[in-house]
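A short write-up of the structure that comes next.
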Amino acid sequence: MKLQKQNLLAILTLSSLLVVPAREGFAMQDAEQHAEEQEVGNIAAEAEDHAAEEEQLDPVHHGSDSYYLDFTPIGKLQLPRIFLVRGNDGSFGVEVYRSTDSAIDRGGYLPKMEEGVHSVLDAKLEPDNGHILIDFSLTKHLIFAWLSALIVAFIFIRLARMYQRGIGRETPPKGLFQNMFESLVMYIRDEIAVPVLGAKSDKYLPYLLSVFFFILTCNLLGLIPFGATATANLMVTAVLASFTFILTQIGGTRDYWKHIFWPPDAPVFVKLILIPVEIMGLFTKPFALAIRLFANMTAGHLVILSLIGLIFAFTNLFGPIVGFGVVPISVGFALFINLLELLIATIQAYVFTMLSALFINMAVEEHHQHVPDHRESDLGRLVEAAVPVESLTS
Amino acid sequence: MNPLIAADLLAPNLGLIVWITFTFLALLFVLKKYAWGPITTALAEREERITESMEQADRALSEAKKLQADNTKARKEAEAEGQRLIREAREAADRLRSEEIANTKTQILTLQEQAKQEIERERDSALDSLRLEVADLAINAAEKILNENLDESRQKKIVADFLSTLSKN
Amino acid sequence: MDPTALAYLGAGLGAGLVALGAGIGIGHLAGPAMAGIARQPEATGDIRGTMIIAAALIEGVALFGLVICIILVFK
């Protein structure tokens with residue numbers, strides 16, 4: 001109980017630390033905005049209007065990526081915008097602005113206020129001269145991906161330093177920190193890498209560990225207040241799945257490629273059907289990885305926010321008294337889903353890592369044909385059996 | 001919820017892909033070099049050490065067991081040896097005692113025999129000396145009788161007495 | 001009928017069917033797994049690991065369907 005209190009205190013202190021500079025940032029932003037508003041005038045005023053309009057809770061909007069960190073009700077911290085622009089005269093240029101507002105005010109970008117877009121912050125920007133080739137702007141999910149990368153790097157480099165100092169190398173591991181993370185590392189190694197990949201586990205273990213802890217941290221960051229889940233972005237999961245895909249193809253043995261382009265033990269006309277299915281299966285595997293992680297992380301947040309949104313829906317429909325009445329039910333369910341999310345965050349990180357290991361193993365395994373004697377081959381057959389089904393549905 | 005923003009969930013964002021790719025590559029590189037390398041080698045080293053020490057312990061245990069077995073065997077042998085010695089000693093003692101007893105018995109017998117013979121001899125010599133004495137006495141008595149003039153009857157009586165004493169012996 | 005309405009209808013029905021299919025699939029998976037664990041408690045770890053993987057594969061198929069439903073609604 002005492003420990004929990006301490007933890008709570010620590011969290012409060014941390015969050016206040018986080019919030020204070022953010023607030024200063026906003027003040028600065030606001031001052032700048034106001035100063036520029038007078039110069040440029042109507043566009044910024046329009047932006048203000050739209051900002052004021054956007055007050056209602058939108059679960060999908062909350063879960064999707066944005067060009068600001070959302071600390072509502074304190075405010076929004078706009079992120080730098082970086083554009084690779086191709087001018088009308090055919091020249092390339094990189095333009096950097098400290099915020100979306102700055103891009104609009106100083107850079108002469110025009111927000112395209114399409115239907116349903118309430119704020120300039122969500123709008124697509126168009127340069128006055130030429131068009132954006134690639135939008136390298138920092139986004140919420142990118143910031144949180146960086147944050148989790150930093151956290152993972154910090155934790156494990158610290159852990160590695162402990163081992164280098166000899167703690168845990170010659171002596172038993174010491175303290176909560178080392179024991180906790182060591183057991184996680186050992187779990188990935190002994191339950192995922194070694195049983196699945198066998199002798200080749202050494203080669204792929206660093207990748208599996210990195211991907212597991214990166215995804216886990218991303219998932220968990222989404223559960224803290226003001227946090228965002230980087231893995232609830234299809235781009236992020238697609239990149240991670242691509243890494244698995246590339247590793248799989250690089251490691252592929254002759255047998256693996258032969259299995260795809262000229263499947264053994266089948267009549268020729270069956271082979272002709274199987275080849276496209278196998279090639280599709282090649283791409284559906286990482287696609288399924290990406291979609292699975294993305295959908296799981298998005299769905300959880302959607303459900304939580306929808307449950308919280310019920311409060312406002314009921315308030316709007318039946319008045320504030322009913323709204324208050326719904327609060328305990330809503331919050332109770334949201335809490336339950338939140339706990340479920342905690343479980344799912346871990347399970348999905350595990351599943352992504354496990355399936356990555358299995359896919360890699362299917363490619364790098366030396367084929368012992370018809371020798372289903374050990375556990376990994378069981379899992380391998382399971383995956384192989386499931387893949388054609390997936391390729392048909394996609 | 002509006003369709004346009006919701007579609008953002010699935011919309012591609014090339015810039016983000018590039019950023020994340022580099023981020024993850026950097027993370028992979030940094031972790032592989034500074035974290036997983038030392039951690040996995042340290043863990044492997046520790047495990048090796050543990051298995052080694054376990055093997056060592058196993059070896060030491062088997063050695064100790066062997067030693068113990070040797071000791072037990074030696075002890076048993078020593079015990080058996082001791083037993084044997086004791087048995088032998090007892091047997092020797094028994095033999096000695098019985099021999100001693102037999103010796104003593106024969107000695108006693110010889111001594112008895114000697115004693116008997118001595119007694120016999122003594123008796124014989126005593127008898128001889130008695131006979132001599134009696135003869136002396138008879139001569140003396142005869143002398144007396146002769147000297148004192150004996151009547152016929154008295155003489156007869158003395159001779160009869162004398163003869164009875166002789167026959168008694 | 002309004003095509004948008006039809007799309008919404010299709011998406012809703014599709015989502016329902018996807019949930020149904022995934023539910024049946026995972027149910028079929030989890031029941032025997034539980035029975036297996038009850039019969040052989042010492043194999044709990046193996047069974048659980050394999051079950052999670054298989055569940056993830058079923059879920060993957062379901063999510064493909066779900067994504068198509070989402071695309072139906074929003075595109």
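- Side-chain contact between B/L43 and A/E182 is present, with heavy atoms from C-beta onward closer than 4.5 Å.
- Heavy-atom distances place the side chain of B/L27, and not its backbone, under 4.5 Å from chain A.
- Annotation: maximal heavy-atom pairing with chain B below 4.5 Å, among A/L159, A/L209, A/V236, A/I82, occurs at A/L209.
- Ranked by non-hydrogen atom pairs under 4.5 Å with chain B, the options A/V185, A/T139, A/L150, A/L142 are led by A/L142.
- When the options A/W146, A/F213, A/F243 are evaluated for a ring pair (Phe, Tyr, Trp, His ring centres under 6.0 Å) with B/F24, the one that passes is A/F243.
- With a 4.5 Å cut-off on non-hydrogen atoms, A/R158 does not touch chain B at all.
- For chain B, the nearby part of A/L205 is the side chain; its heavy atoms alone come within less than 4.5 Å.
- Contact between B/L31 and A/A153 at its shortest, heavy atoms only, is CD2-CA, 3.8 Å.
- Looking at every heavy atom in both residues, A/A160 comes nearest to B/I39 through CA-CG1, 3.8 Å.
- Taking CE of A/M186 as the reference point, atom OG1 of B/T40 lies at 11.5 Å (rounded to 0.5 Å).
- Other residues, nucleotides and ligands contribute at most 12 non-hydrogen atoms within 6.0 Å of the NZ atom of B/K32.
- For the pair B/L28/A/Y207, a side-chain contact is recorded, criterion being any heavy-atom separation below 4.5 Å from C-beta on.
- Inter-residue side-chain proximity for B/N13 and A/L234 is flagged as unmet; no heavy-atom pair is nearer than 4.5 Å.
- Counted within 6.0 Å of CZ on B/R90, heavy atoms from surrounding residues, nucleotides or ligands total 12 or fewer; the atom is thus considered open.
- For chain B, no part of A/I155 is nearby; none of its heavy atoms comes within less than 4.5 Å.
- The candidate from B/L25, B/L16, B/L14, B/V30 with the greatest count of non-hydrogen atom pairs under 4.5 Å with chain A is B/L16.
- The distance from the CH2 atom of B/W36 to the CZ atom of A/R189 is 12.5 Å, given to the nearest 0.5 Å.
- Atom CZ of B/F22 sits in a sparse spot, with 12 or fewer heavy atoms from other residues, nucleotides or ligands closer than 6.0 Å.
- Applying the 6.0 Å contact sphere to CD of B/E48 captures no more than 12 heavy atoms from other residues, nucleotides or ligands.
- Counting heavy atoms from C-beta outward, A/P173 and B/R46 have side chains that approach closer than 4.5 Å.
- By the 30° and 60° cut-offs, the orientation of the rings of B/W19 relative to A/F136 is perpendicular.
- Remark: B/Q68 CD is loosely packed, at most 12 non-hydrogen atoms of other residues, nucleotides or ligands lying under 6.0 Å away.
- For chain A, the nearby parts of B/I17 are the backbone and the side chain; heavy atoms of each come within less than 4.5 Å.
- Within 6.0 Å of atom CZ in A/F181, more than 12 heavy atoms from other residues, nucleotides or ligands are found, so the atom counts as buried in its surroundings.
- Only the backbone of A/S137 comes within less than 4.5 Å of a heavy atom of chain B; no side-chain atom from C-beta onward does.
- For the pair A/Y163/B/T41, no side-chain contact is recorded, criterion being any heavy-atom separation below 4.5 Å from C-beta on.
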